[in-house]
**Student:** 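I'd like to ask some things about the structure below.
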Amino acid sequence: MTAWETVIGLEVHVQLATRSKLFCGCAATFGADPNRNVCPVCLGLPGALPVPNAVAVRLGARAALALGSTVHPVSVFARKNYFYPDLPKGYQISQFDRPLATGGEVRCESPDRGLVAIGVTRLHLEEDAGKLIHDWVPGRTAIDLNRAGVPLAEIVSEPDLRSPTEARAYLGVLKQVLVYTGVSECSMEKGSLRVDANISLRRPGGPLGTKTELKNMNSFANVERALEIERERQRTILDGGGRVEQVTLLFNADAGTVRPMRGKEESHDYRYFPDPDLPPVVLSRAWIDAARAELPELPEAKRSRFQSAHGLSPYDATVLSAERPVADYFEAVVRAGADPKTAANWVMGESMPGYNEVGAFAVSAVRLAGLIGLVKDGTVSHPAAKRVFGELGAGDEAPHAVATRLGLVQVRDDAQLGAWVTQVIAEHPAEVERFRTGEPKLLAFLVGQVMKKSRGKADPKAVSERLLTHLEAS
Amino acid sequence: MTIAAEALAVAERLERSASLNAVLAWSRPALEAEALRVSRIGSDGPLAGMPVAIKDNIVTTDLPTTCASRILEGYRSPYDATVIERLRLAGGLVACKTNLDEFAMGSSTEHSAFGRVRHPLDPDRVPGGSSGGSAALVAAGVVPAALGSETGGSVRQPAAFCGVVGVKPSYGRVSRFGLVAFGSSLDCVSVFGRTVSDAARVLAAIAGHDPRDATSRPAPPVQVPVPRADLRGLTFGLPTEYFPPDLDPGVRAGVDRAVALVQALGGTVRPVSLPHTRYAVPTYYVLAPAEAAANLARYDGVRYGVRRGAGLDLRSVYRATRGQGFGREVQRRILVGTYVLSAGYYDAYYAKAQAARVRITADFEAAFLTGVDALLTPTTPTPAFRAGAKMADPVQMYLADIFVSAVSLAGLPALSLPAGRSEGLPIGLQIIAPSFEEDRMLSIAATLEPHLSATAEVR
Amino acid sequence: MTISPDDLVRIARLAELDIAEADLRRLAGELEGIVSYVGQLTSLASADPPAAGDPVGVVLREDRVDPIPLDRAPADFAPEFQDRFFLVPRLPAMDGG
Ligand SMILES: [Zn+2]
C-alpha cells in the first residue's frame, strides 16, 4: 500500500460579538421571532444603503492581531454576486482582493508532529446570509432574514494541516483565542462558528492533489470525523487508480457519510467588484496599535507564565489557562495570598466542577484564598476545609466563621490534646504494645482514635506528634 | 396664497398637464395631507410650502415608488428617503411622483414601462432623460421645482432639452439614502428649478451629510445665491473637446452668445483641454452597467415587488420575474454589466474603465489648477430630438450624454442654464465647478440668468 | 469582440434573465455593438493611472441597536409571506433532508 499525505485547509466563519448587524442597526441576537430583526438595509429594500459597524471592524482587527496577522491600513468591501433566496441584495458584501488582514499562524499540538504552526492565509469581514427552512410550509422554502447582515470574520488557513486530528486541534486553539479575546462566542450550536474544510491527498513531497470541500459539520468532533471519512474515500479512489473529482460534499452525521451537494450555484463566477456604496476601511497606525494594546494575554503566553511564575506543572498550567474566566479566577486567588500550587489544586479540584456546570464561580477568589489560609495555618484540616468549601456557597460569610459554625476549627490546645492522647494510650494497651514492638502502622490507628475523641476537631499532625512524644517517652 | 390653496392649485395644474404623461402617481388626498403637514410645522420653513415633484426612483411612504418598472408596479416603500424627510422639514410639499426611464436608464424618458413623456413645447419630441417627467413638469409650470437624479447627466440633459435650470451637486453632497440605486458611485439626487434661485433653495434644503449614506460627506451648507454685479475677477475655461466641428449650429450659437455675455460682464474666458473626454461615454457605459447589474439583482420577486412564474421552480421564478419585469434597456444594461464583470473580462473592461475614470477626473483637476474658476460647455450636442429617433440604436442614445457624463465620473457639481432657443427648442449652457464649489457655481448662474433671455432665438 | 447567442445565454443565466429564443440573435447583436463601442477603452495606454492619493476612509457606525423603522411590515409588501416567513418554491434538496 502506497503512502499518501493528507493535506487539509480550513475556512472558519465566526460571528463577531457585536450588538448590531454589520451594516445596519438591527439587533444581531440569536433566537428572535423570524424576520423580527430586519430593516430596509438588511431586507435589501430599494434605496437602502449599508454603513459599517465600528465594533465589527475592531473585533476583526483584534482577532487578526491575536493570530499574528498583519492588519492592513486600507481594506475594501466588495460585492460577491450570486442569486440565492437567503441573500437579500443578490450579492454578499464581503472582502475580496483587499482583506482586513493577511498572514499569521495558529500553533497547535499535533499527535504526530508535536507543536506545529499552521499558517493563516487571511482574515476578512463579511455579512451573513439569512436562514432557509425547507417544507415548513409543504412544497415551499421559508426564509428568515434575522441572520442576514450579521457580522462574520472568515479566517482561512493555509493547507498546512496533515491529519483530521490536527484539524481538530487547530480549531480548538483558534476557538480558544477568539473566545479569549472576546471576538466571538464561537458556539457551533448557535451557529456563531462554522467550519468548511478542504482536503486532498498527495504523494509526500509531490504536487497537490484535487481537493474536495466538506460542509455541514456541526461540531469539532464531526469535522474530524467527516475528514476521516473523506480521507478514506479519496484513498480508496486513488489506490484504485481513479481520480478525485472536485466537488462540495455535505457531511451527514447520522449516516456517517459525505454526499455531493446539489443545486446551489450553477456557476462560481461571482463577479467581485469593490462595493461603490462603501469607501475603503482606512485604519491609522495609531488605531491598529491601540487595537493591539487592547489584546489580553493570550492562552499560550499565559500557560508558559503560569509555569515560570507560579511553578505550575505543564498540565495544571494548560487546564488553568484554557479559559479566561478560570485563569483570571486562579490568579485572583493567588493575588489574595494563596500559594499558587495549592490554589491550582483547589481551583481545579473544587471550583471548576461548579464552574463547568453553571459557567460561574460560586465562591469568590478572596474567600477561597481565605479558606486556603485556614488550612495552611492549621486552623482547619484539609478534609474539614473541603466541607467548609461546600458550605461557603454564594453567601458572604467568612470561611473562618463557617468553620466555627460547623465546629471544624481544629483544637491545638496542648492541654486538651494531651488529655485525649493520655486517655487513648490508656484505653488501648494492646495496640500501644504492638506499636512499641515494631508495628509502626499502629500509629495511624491511635491517631484515628484521638481524632474520634475530638470529633474531628484535633489537628491530626499535632496529634501524631504528641502521640509519638508520649509513646517514646514512657 | 395659503398652503392649502397652493396644494389645490397644484392639483389643478397636474390635471391639466396629464397629456405630458409626466406623472406616475399623485392624489388629492396625498396633496392635502402634505399641505396639512406643512401647515402644522409652520409655513416659514425655507421652502415655505413650495410644491416639489419627485422622480419616481426616490422612495416615499405616501405614494408608490415604481422606478417606471413593471417589476415594482404598486410597490410602496416602508420608509422615506432622506431627501424627502429634509424637503418636508424645510416646508416643502411632495407634489407627485414623476415618470422616468425605467430605473433611470435612458436619455429620453422613452424607456418607461408606463409610456413616454412628451416634451412640453413639442409633443413629438422627447424631454430628455432619464428625469424627463420632472423636467417637463417644471417646464410646463406645474411645479416651480422638482427632484431628479443623475447618474450620467439625467438632470442636466433634460433641463437643457426643456429649458429649465438643472443642478447636479457634487457626489456626496446630497444623501442617496432612499434613492433607488442605479450606478452607486455616480448617483446624485439633483434638482430642477424654474429659476436658479428655486433650484438652489431646494438643493440647500436637501443637502448635507447623512449618517445613513457612507458616501455622503460633511460640508458647509449650500447658500441660495445672490446675483453678483458682474463676473469680474472670474476666469472661465472653454474645453476644446466640448466644441467639436459637428456640434449642432443652434447649440453652438446659444453657447457662443452666453460666452460673449460672460465676457461682457467682465469674466475672463480662455480655452482649456480635457484630453480624456472622448473616453467618458465608454467609461460610463462600463461602470454604470456593472454597478447596475449588481444593484438590480435584488429585484428577484422574493421579498417585494412583482413575482412571475407561478408554479415554476425558484430559478425559473427568478428568470420569469426579471425577464418579464425589466424592460429592454434595463435588460441590455444588466447584460452588459454582467458581461464586463464576468470571469476573463474584468481587466479588459472594468479595470480599464476605473483607470480611465481616474484620468478623466485628473483632467478636470488640472484645468482648475491653472486658475480656472468654472468651465463653460454646451449641455447637449443637439436640442431635443424626436421621439423614436434613437430607440433603434443604443449607442446613438448614449451619445446624447457626451457632454454630461465626464462630470458625473469626476463627481463634480454642474448646472445647466437655459441659454436661448434654436428653432423654438431650448439650448442649455453647462457650468462646471470644482468639487464642493456649488456656491460659486450657483452664484455665476444667478448672475448670468437675468441677462440670458432664455426664450430668445439665438440664430 | 463577438458575442454569440451562446455567450448571451451564459451571461443571461448569471443575471437570472429569461430571454426569449426569438430575441437572442437581436440582443446578442446589440450587446456586441455596445461592447465593441466601450471596447475603445482598450486603446487607453495601460500604464498605471496617477495615484488617487490617500483614500478617504469610510465613516464607521457606532455599534448601537437602532434599526431604521419599517412603516409597513414585510407581510404587506412580500409577494408570498406566511407566519412571519417569506416563502419561495421549495429548493432542490441540499442535504438530503
Ligand atoms: Zn437591518
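Hydrogens, waters and symmetry mates play no part in the numbers below; they use all other heavy atoms, side chains included. Quick note on labels: first sequence line is chain A, next is B, and so on, each numbered from 1. Here the structure is a predicted model, which is why all the values come from computation and not from measurement.
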**Student:** Classify the angle between the aromatic ring planes of A:Tyr272 and A:Tyr270 as parallel (below 30°), tilted (30 to 60°) or perpendicular (above 60°).
**Tutor:** perpendicular

**Student:** Less than 4.5 Å to any heavy atom of chain A: does that hold for the side chain of B:Asn57, its backbone, both, or neither?
**Tutor:**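 Neither part.
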
**Student:** Which one wins on heavy-atom pair count under 4.5 Å against chain B: A:Pro274, A:Pro88, A:Pro52?
**Tutor:**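 Counting heavy-atom pairs under 4.5 Å, the top option is A:Pro88.
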
**Student:** Using only atom types and a distance under 3.5 Å, with no angle test, would you say the side chain of B:Glu291 pairs donor to acceptor with the backbone of B:Ser184?
**Tutor:** yes

**Student:** Evaluate the side chain to side chain contact (heavy atoms under 4.5 Å, CB included) criterion for residues B:Arg322 and A:Phe83: first the C-alpha distance (whole Å), next the side-chain angles of each, then the deciding distance (0.1 Å), finally the verdict.
**Tutor:** CA-CA 12 Å; B:Arg322 295 165 57 78; A:Phe83 285 83; 3.5 Å; yes

**Student:** What part of B:Leu314 gets closer than 4.5 Å to chain A, counting heavy atoms only: side chain, backbone, both or neither?
**Tutor:** side chain

**Student:** Do you know which of B:Tyr350, B:Tyr346, B:Tyr304 has the most heavy-atom pairs under 4.5 Å to chain A?
**Tutor:** B:Tyr304

**Student:** Out of B:Ala290, B:Cys67, B:Ser342, return the one with the most heavy atom pairs under 4.5 angstrom to chain A.
**Tutor:**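 Among the listed options, the one with the most contacts to chain A is B:Ser342.
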
**Student:** Drop me the distance from A:Asp275's CG to B:Ser185's OG, to the nearest 0.5 angstrom.
**Tutor:** 10.5 Å

**Student:** For the residue pair B:Tyr299 and B:Phe326, categorise the inter-ring angle as parallel (less than 30°), tilted (30 to 60°) or perpendicular (more than 60°).
**Tutor:** perpendicular

**Student:** Are side-chain heavy atoms of B:Arg173 and B:Cys188 found at a separation under 4.5 Å?
**Tutor:** no

**Student:** Any side-chain heavy atom of B:Leu87 sitting closer than 4.5 Å to one from B:Ile54?
**Tutor:** yes

**Student:** So do the side chains of A:Val38 and B:Arg303 get within less than 4.5 Å of each other, counting heavy atoms only?
**Tutor:** no

**Student:** Looking at A:Arg62 and A:Glu294, does any basic side-chain N land under 4.0 Å from a carboxylate oxygen?
**Tutor:** yes

**Student:** Given side chains that start at C-beta, do those of B:Gln324 and B:Arg70 come closer than 4.5 Å, heavy atoms only?
**Tutor:**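 No; the side chains remain at least 4.5 Å from each other.
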
**Student:** Counting only non-hydrogen atoms closer than 4.5 Å, does B:Tyr171 touch chain A with its backbone (N, CA, C, O), its side chain (CB onward), both, or neither?
**Tutor:**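 Contact with chain A is through the side chain of B:Tyr171 alone.
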
**Student:** Relative to chain A, which of B:Gly305, B:Ala294, B:Ala181 shows the most heavy atom pairs under 4.5 Å?
**Tutor:**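 Answer, by heavy-atom pair count under 4.5 Å with chain A: B:Ala294.
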
**Student:** Which residues in residues 73-85 of chain B have a heavy atom less than 4.5 Å from any heavy atom of chain A?
**Tutor:**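 Hits under 4.5 Å: B:Tyr75, B:Pro78, B:Tyr79.
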
**Student:** In Å and rounded to the nearest 0.5 Å, what is the CG to CG distance from A:Asn146 to A:Asp33?
**Tutor:** 8.0 Å

**Student:** I need the residue from B:Val340, B:Leu179, B:Leu186, B:Leu72 with the largest number of non-hydrogen atom pairs under 4.5 Å to chain A.
**Tutor:** B:Leu179

**Student:** Hey, is A:Asp86 close enough to A:Arg147 for a salt bridge, meaning N to O under 4.0 Å?
**Tutor:** no

**Student:** By a 4.5 Å heavy-atom criterion (distance strictly below it), what part of B:Phe177 contacts chain A: side chain, backbone, both, or neither?
**Tutor:**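 Looking at B:Phe177, backbone and side chain both touch chain A.
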
**Student:** Please check this pair: side chain of B:Tyr349 against backbone of B:Gly337, looking for a donor-acceptor N/O pair closer than 3.5 Å.
**Tutor:** no

**Student:** Under 3.5 Å, is there a donor on one side chain and an acceptor on the other for B:Ser134 and B:Lys55?
**Tutor:**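 The criterion, which ignores hydrogens and geometry beyond distance, is not satisfied for B:Lys55 and B:Ser134.
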
**Student:** Take atom CZ of A:Arg194 as the centre, draw a 6.0 Å sphere, and report whether it contains more than 12 heavy atoms from other residues, nucleotides or ligands.
**Tutor:** yes

**Student:** Counting heavy-atom pairs closer than 4.5 Å to chain B, which one of A:Pro50, A:Gly90, A:Pro276 comes out on top?
**Tutor:** A:Pro276

**Student:** So which residues of residues 208-216 of chain B are in contact with chain A at a heavy-atom cut-off of under 4.5 Å?
**Tutor:**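 Within residues 208-216 of chain B, near chain A: B:Pro211, B:Arg212, B:Asp213, B:Ala214, B:Thr215.
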
**Student:** At a heavy-atom separation under 4.5 Å, does A:Asn81 approach chain B through its side chain, its backbone, both, or neither?
**Tutor:**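 For A:Asn81, side-chain heavy atoms alone lie under 4.5 Å from chain B.
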
**Student:** Let me know if B:Thr338 has heavy atoms under 4.5 Å from chain A in its side chain, its backbone, both or neither.
**Tutor:** both

**Student:** Between B:Val302 and A:Ile143, does the side chain to side chain contact (heavy atoms under 4.5 Å, CB included) criterion hold? Intermediate values first, please.
**Tutor:** CA-CA 9 Å; B:Val302 173; A:Ile143 308 163; 3.5 Å; yes

**Student:** Is B:Ala293 close to chain A through its backbone or its side chain, or both, or neither, when contacts mean heavy atoms under 4.5 Å?
**Tutor:**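 Neither part.
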
